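Encoded as structure tokens, the structure appears first; notes follow it.
Letters A, B, ... mirror the listed sequences (proteins, then strands); counts begin at 1. Keep in mind the model is a prediction, meaning the values are calculated, not measured. Below, each value reflects all heavy atoms present in this structure, side chains not excepted, and no hydrogens, waters or symmetry copies.
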Amino acid sequence: MEAKEAKLEKMRHSASHVMAEAVQYLFPGAKFGIGPAIEDGFYYDFELPRPLVPDDLITIESKMREIIAADLPFAAEEIDRTKARKLFGEQPYKLELIDDLPDETVSIYRQGSFVDLCRGPHVNSTSEIKAFKLTSIAGAYWRGDEKCPMLQRIYGVAFDTEAELEDYLARLTEATKRDHRKLGKELDLFSLHEEAGPGLVHWHPKGALMRQIIEDFWRQEHRKRGYDIVFTPHISKVGLWKISGHWDFYRDSMYSPMDIDDVEYVIKPMNCIGHILMYKTQLRSYRNLPLRYAELGTVYRYERSGVLHGLARVRGFTQDDAHIFCRPDQLEAEVTEVVQLARFMMNTFGFSEYELLLSTRPEKYAGTIQVWEDATEALRKVLEHLELNYEVDPGEGVFYGPKIDVKLKDALGRLWQGPTIQVDFNLPQRFDVNYIGEDGLEHQVVMVHRTVLGSMERFMACLIEHYAGVFPVWLSPIQVTIIPIADRHLDYANKVAGGLRECDIRVQVDDRSERMNLKIREAQLEKTPYMLVVGDKEMDTSQVSLRLRSGEDLGTLSISQFMDRVKPIIANKIQDKL
RNA sequence: GCCAGCGUAGCUCAGUGGUAGAGCAGCGGUUUCGUAAACCGCCGGUCGUGAGUUCGACUCUCACCGCUGGCUCCA
């Protein structure tokens, strides 16, 4: 398996060189950046005399096919730096790379008319590059640095066989179909408005209903686990954010203050401050800890225009936030509980696979190295005791403490930012958040910020794409649509609906004077789990005819039979389609 | 924010330097029907916004707004 991956990577990397050769041929004077293999394919960055247009991809691709057909060998060579500097004299980016290399000699690879500074390895010959396709053009900063010039990047994908390439392209098509922006419109779940401002979500009745179902479930599970659910204001005086350090560290992401009675107020970008103020309304004993304040708190953050994306990246969103105030000796147990809760939530929502990341101390940090190490160790212990696989993400912690991030894997294997658990040493110190210990002295609490869904908006996006809009019954905004065949069946349909409503089943009657076929089609497009067709036959026998959104026609059954079937599916939050 | 592309009716999309078209949706009728679209008619757009070029701009130019794909960012 690993050997196969290594071979693929070699081939993809070689494909990027072939692409560079094609570009060199088609755009004399092109300057070359870097061209690595990436997941599924490769890219190469160029500085070109003119901007690329989509049609260029076709031209470049056919030139690449020529190079591949020519069966050109890849040849490695070691040369000394001086020689290399001369060889790449016209290539400023390559010169920069050479200057950064530590050794006296550098390796280069040649194929055909193209030579590149490259560590390798490569395939033996261009003919070993199999199924590939150029996919897109993008701008990319040299060295990934905003201050550096922007180069033009061409992305491609490459696989061993045409079948695998087809498969990949089919996955892309499937992803397009599941796009939450498209489904959100089709299923009438939410909208965004240019007039209202970008990144500001309007939840339509059905989307709002789903959100309420999720939130109700969330509240219930949090109460069970000893969380206190609270509310805090959306605005507060800017002074608090100066104390917290956000005004210095985080100001770029906060909206400008507004003036109220000559005092500056800001919209909250986080919920923690309010929770701290509440904590501090009393003198806390070590016996009272841990204290867990949870809030579905709506926050507003400035996100740069280019990063906004449907519900997944917005400017106003509701975090399923909580702050745990505990003693240092409780940290491990608390984090364990949070990880368990997160796993329970993820499983309930049908995510069985996830990746865990432990992020450690970044360059800019608050607190001492000692507390960082203790807390990082506590997080590590939690993951190890729970026997979870995780990776360390060095230096990726937040300035105020280390964190555990959970990335959810959706039905297409794509990763989504899910739960996050962050230890905080900064705020307890800045706000003097203390408790009285057994020794009668004041001690600083340890604070844990955590979300288990992330934000309602992003989680909704994730759910939509994971389920492709075919939500499990317990989450479906409409669970049952009753379809009277003719108008004379309306009364009976309403009666059936009434019975189901009594049992808290979300039901609608399609009472339009339309044909049954149309009603079925529309219920189908809405992905309603159950369609109950009622006509003369059903009315006479007090039955319903059940059709599933899978298209399956289960024939007639009594209403109680239907209830017996549906109730446990809802109550147990069954994942299966039906 | 940066690079590139895009913006035509509620939605999906066609169109061209000579003042806009389809399907669906909506509305009005007719139809009362057995498991994914009945039929007829009507309504609907200052072609994202603003400026410029032109006898004339939806079409060309520029600016702005928004969206899409990337890059950077995501405490």
- Message: Aromatic contact between His202(A) and Phe190(A), with the criterion being ring centroids under 6.0 Å apart: yes or no?
- Response: no
- Message: Check the phosphate of G69(B) against His309(A), side-chain N and O only, distance under 4.0 Å to OP1 or OP2. Yes or no?
- Response: yes
- With sequence neighbours left out, write down each residue that passes side-chain hydrogen bond (donor to acceptor under 3.5 Å, both in side chains) with Arg292(A), or none if nothing qualifies. Glu334(A)
Grab the N/O contacts between the protein and nucleotides 5-11 of chain B below 3.5 Å, and write none if there aren't any.
none

- Message: With side-chain hydrogen bond (donor to acceptor under 3.5 Å, both in side chains) as the test, pick out the partner of Asp321(A) among Thr451(A), Asn271(A), Thr298(A).
- Response: Asn271(A)
- For RNA chain B, the expected dot-bracket line (Watson-Crick or G-U under 3.5 Å, [ ] crossing, | inter-strand) is (((((((..((((....[..)))).(((((.......))))).....(((((..]....))))))))))))....
- Item | Aromatic contact, Phe399(A) with Phe249(A) (centres under 6.0 Å) | yes
- Item | Stacked cation flag Arg153(A) on Tyr43(A), 6.0 angstrom / 45 deg | yes
- Message: Could you tell me if Arg361(A) sits above the aromatic ring of Tyr365(A), with its cationic atom closer than 6.0 Å to the ring centre and no more than 45 degrees from the axis?
- Response: yes
- Task: With sequence neighbours excluded, tell me which residues meet side-chain contact (heavy atoms from CB on, under 4.5 Å) with Leu48(A).
- Result: Val23(A), Phe27(A), Ala30(A), Phe46(A), Leu52(A), Gln152(A)
- Once you round it to whole Å, what is the distance between C1' of G69(B) and OH of Tyr43(A)? 16 Å
- Item | Between A25(B) and C42(B) - C1' atom distance, rounded Å | 14 Å
- Shortest side-chain distance from Arg304(A), nucleotide among G66(B), C73(B), G69(B): C73(B)
- Query: With respect to the phosphate group of G1(B), does any side-chain polar atom (N or O) of Ser305(A) fall under 4.0 Å of OP1 or OP2?
  - Reply: yes
- Looking at His449(A) versus Tyr400(A), is the centre-to-centre ring distance below 6.0 Å? yes
- Message: Could you tell me how far U61(B) sits from G7(B) if I compare only their P atoms? Round to whole Å.
- Response: 13 Å
- Query: How far does the C1' atom of C27(B) sit from the matching atom of A9(B), given to the nearest Å?
  - Reply: 15 Å
- Item | Sequence-aligned protein contact record of nucleotides 23-35 of chain B, with B where the base is within under 4.0 Å of a protein heavy atom and S where only the sugar-phosphate is | ---------BBBB
- Message: Regarding Met270(A), tell me which of base, sugar-phosphate or nothing describes its non-hydrogen contacts under 4.0 Å with the strands shown.
- Response: base
- Query: Which part of the nucleic acid, if any, lies within reach of Leu192(A) when heavy atoms closer than 4.0 Å are counted: base, sugar-phosphate only, or nothing?
  - Reply: nothing
- Message: Classify Phe399(A) by what it touches in the nucleic acid, base, sugar-phosphate, or nothing, heavy-atom distance under 4.0 Å.
- Response: sugar-phosphate
- Between C71(B), G66(B), C73(B), which nucleotide has the shortest distance from any of its atoms to the side chain of Tyr155(A)? C71(B)
- Query: Within the modelled atom types, does a donor on one side and an acceptor on the other bring the side chain of Tyr141(A) and the base of G1(B) under 3.5 Å apart?
  - Reply: yes
- Qualifying residues under side-chain contact (heavy atoms from CB on, under 4.5 Å), relative to His309(A), sequence neighbours excluded: His180(A), Arg181(A), Ala312(A), Arg313(A)
